[in-house]
Amino acid sequence: MVLVTGPSGAGRSTVIATLEDLGYEAINNLPPSLVPRLTEGPAGRPLAVGIHVRGRDFSVAAMIAMIETLRADPGLIVEVLYVEAAPDVLMRRYSETRRRHPMAPDKAPMDGILLEFEMLSPVRLIADLLLDTSAMSPHDLRAEVTRLFDPGHVAPLAVTIYSFSYKRGVPRMLDMMFDCRFLANPHWVPELRALTGLDPRVAAYVMADPNHAPFFAKLRDLILFLLPAHVAEGKTHLAIGFGCTGGQHRSVTLAEEMSKALAEAGWHVSKHHRELERLSVAQPVTSGGGVIGA
C-alpha cells in the first residue's frame, strides 16, 4: 500500500493517476479512519491511497494513528509518499489556475499554503519518501513515480544531471553540486553570448580553458567511484547539479559532457537544463539561435 499525501497543488492527483496506470488500485481522498478496512479480505492488487486535508473527518492525529496501525501489520508493506513543492511554486500554480486554496477559500492562497504546511509537518516527518515537485513538469513527475514504483523498472540507479543559474537559486533536490564559475565565461565573448552550452562553439570555448580538462577528469572519476557505492547503500536516484552565473553556457556544457560520460559508462542518465527549459516557454532555445539571456 502506498499512502500519498502532501500539500494542495504539489501533484498528489498526478501521482495517484500514475500509480493507477502502473496497476495499482487507486482510491483518492479516503478518510483516514476507513483506510485500515482496505486490508480486510484476501490480498489483491497493490493499493494507492490519496489522503488530503480537505477530506471528510481528516485530522493529523488520526492520520498518524492510522499509519502506525498499518505499519504494525506484519502482512502489509506500507510506504508513505509525501508530495511537496516550495511555497512560492505552489503560489504560482494557484495563480496560474486561478483556483482558491481549500484551506483558505476566502483569503489569499499563500495563507492556505502556509497553514497546510504547518498542519502536515508531523506527517512529513514520518514519511518514507519525500518527492519535491518544485522543478518538475507533470511529465517529469509521472516519469519519477514510474521509476520509483514500476515493478518492471530494473535500473539500479537513475542519475539526473541539472544545469542551473546561481542567480536564480540552487535546485532543492540536488545530492551533489559543482560550481563551474571558475571556467572561462563565453558570456564575455560577443559572438558566443547569445548561444548556449548546447552549441559546439560554446562547448569548445569552455573546454579550451586549461582548467577544464583536469577538472572534468577528476570529477568524472569521482562520480563513477561514488555511483556503485550509492547503489550498494540502496539509493535509487541521484541528482547532480552544475551551476554557473547565468545557467546558459558553462553549466550546460559540463552537464552535457558529464551526461554523455556517465551514459557511456552504462548508467541510466537524464538531464535538465533548468534555465534553458524555463526560457524556452517564452521562445525556442536552439544551439545557434536567438538571445535567451546571460
Side-chain angles (χ1 to χ4, degrees), residues 85-86 88-89 92 132-137 140 158-227 229-230 237-265 267 269-294:
D88 62 312
V89 174
R92 185 176 70 247
D132 188 335
T133 69
S134 298
M136 292 184 182
S137 67
D140 294 332
V159 182
T160 305
I161 296 183
Y162 293 85
S163 68
F164 66 92
S165 162
Y166 278 102
K167 293 193 296 185
R168 294 189 174 273
V170 175
R172 292 158 54 92
M173 74 295 293
L174 295 182
D175 297 295
M176 291 188 282
M177 177 176 63
F178 301 98
D179 191 337
C180 306
R181 288 176 290 187
F182 67 93
L183 296 172
N185 190 355
H187 175 74
W188 303 115
V189 180
E191 59 268 28
L192 300 179
R193 180 175 298 181
L195 306 179
T196 78
L198 301 176
D199 191 290
R201 291 165 289 179
V202 172
Y205 181 86
V206 174
M207 294 178 186
D209 187 316
N211 288 318
H212 167 270
F215 171 68
F216 181 79
K218 293 178 186 293
L219 193 55
R220 179 194 58 216
D221 292 345
L222 172 64
I223 293 174
L224 288 175
F225 169 78
L226 290 174
L227 291 182
H230 282 291
H237 180 251
L238 194 73
I240 302 171
F242 291 90
C244 64
T245 305
Q248 174 180 327
H249 299 115
R250 293 166 290 181
S251 61
V252 174
T253 295
L254 268 293
E256 287 285 320
E257 194 178 7
M258 189 60 69
S259 297
K260 180 180 178 181
L262 298 186
E264 289 175 348
W267 294 96
V269 184
S270 60
K271 58 193 175 184
H272 293 280
H273 300 302
R274 188 182 71 178
E275 315 312 336
L276 304 191
E277 291 170 359
R278 179 183 63 84
L279 290 167
S280 67
V281 174
Q283 58 188 68
V285 176
T286 62
S287 60
V291 177
I292 64 170

Listed partners of [X] passing side chain to side chain donor-acceptor pair (under 3.5 Å), at least two apart:
X: Asp140; answer: Ser137
X: Arg181; answer: Asp179
X: Thr253; answer: none
X: Thr133; answer: Arg93

**Request:** Could you name each residue pair satisfying side-chain hydrogen bond (donor to acceptor under 3.5 Å, both in side chains) that touches residues 212-225, not counting sequence neighbours?
**Result:** His212-Glu257
Donor-acceptor pair, side chain of [X] and main chain of [Y], under 3.5 angstrom:
X: Arg274; Y: Ala135; answer: no
X: His230; Y: His237; answer: no
X: Arg193; Y: His187; answer: yes
X: His249; Y: Leu192; answer: yes

**Prompt:** Side chains of Thr160 and His272: do they bring a donor and an acceptor to under 3.5 Å?
**Reply:**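 No, no side-chain donor-acceptor contact under 3.5 Å.
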**Message:** Parallel, tilted or perpendicular: which one describes the rings of Phe182 and Phe215, with boundaries at 30° and 60°?
**Reply:** perpendicular
Identify the two heavy atoms, one from [X] and one from [Y], that lie closest to each other, and give their separation to 0.1 Å.
X: Ala263; Y: Val269; answer: N-CG2, 3.9 Å
X: Val206; Y: Pro186; answer: CG2-CG, 3.7 Å
X: His273; Y: Ser163; answer: ND1-OG, 2.8 Å

**Message:** Show, in sequence, the C-alpha distance, side-chain angles and deciding distance for Val202 and Thr196, and conclude whether the side chain to side chain contact (heavy atoms under 4.5 Å, CB included) test is met.
**Reply:** CA-CA 7 Å; Val202 172; Thr196 78; over 6 Å; no
**Message:** Which residues pass the salt bridge (Lys or Arg N to Asp or Glu O under 4.0 Å) test with Asp209, not counting sequence neighbours?
**Reply:**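 Asp209: no salt bridge (Lys or Arg N to Asp or Glu O under 4.0 Å) contacts found.
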How long is the straight-line distance from [atom2] of [Y] back to [atom1] of [X], given to the nearest 0.5 Å?
X: Phe242; Y: Leu174; atom1: CZ; atom2: CG; answer: 10.5 Å
X: Met177; Y: Ser251; atom1: CE; atom2: OG; answer: 12.5 Å
X: Leu183; Y: Cys244; atom1: CG; atom2: SG; answer: 9.5 Å
X: Ile161; Y: Phe178; atom1: CD1; atom2: CZ; answer: 10.0 Å
X: Ser165; Y: Glu275; atom1: OG; atom2: CD; answer: 5.0 Å
X: Leu238; Y: Leu226; atom1: CG; atom2: CG; answer: 8.0 Å

**Item:** Pair Arg201-Leu195, side chain to side chain contact (heavy atoms under 4.5 Å, CB included): steps then yes or no
**Value:** CA-CA 9 Å; Arg201 291 165 289 179; Leu195 306 179; 3.7 Å; yes
**Request:** Measure the shortest side-chain to side-chain distance between Ile240 and Met258 over non-hydrogen atoms and say whether it is less than 4.5 angstrom.
**Result:** no
**Request:** Indicate yes or no: at least one non-hydrogen side-chain atom of Leu262 is less than 4.5 angstrom from one of Leu227.
**Result:** yes
**Message:** Going by ring pair (Phe, Tyr, Trp, His ring centres under 6.0 Å), name the residues that satisfy it together with Phe164, two or more places apart in sequence or in a different chain.
**Reply:**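 So Phe164 forms a ring pair (Phe, Tyr, Trp, His ring centres under 6.0 Å) with Tyr166.
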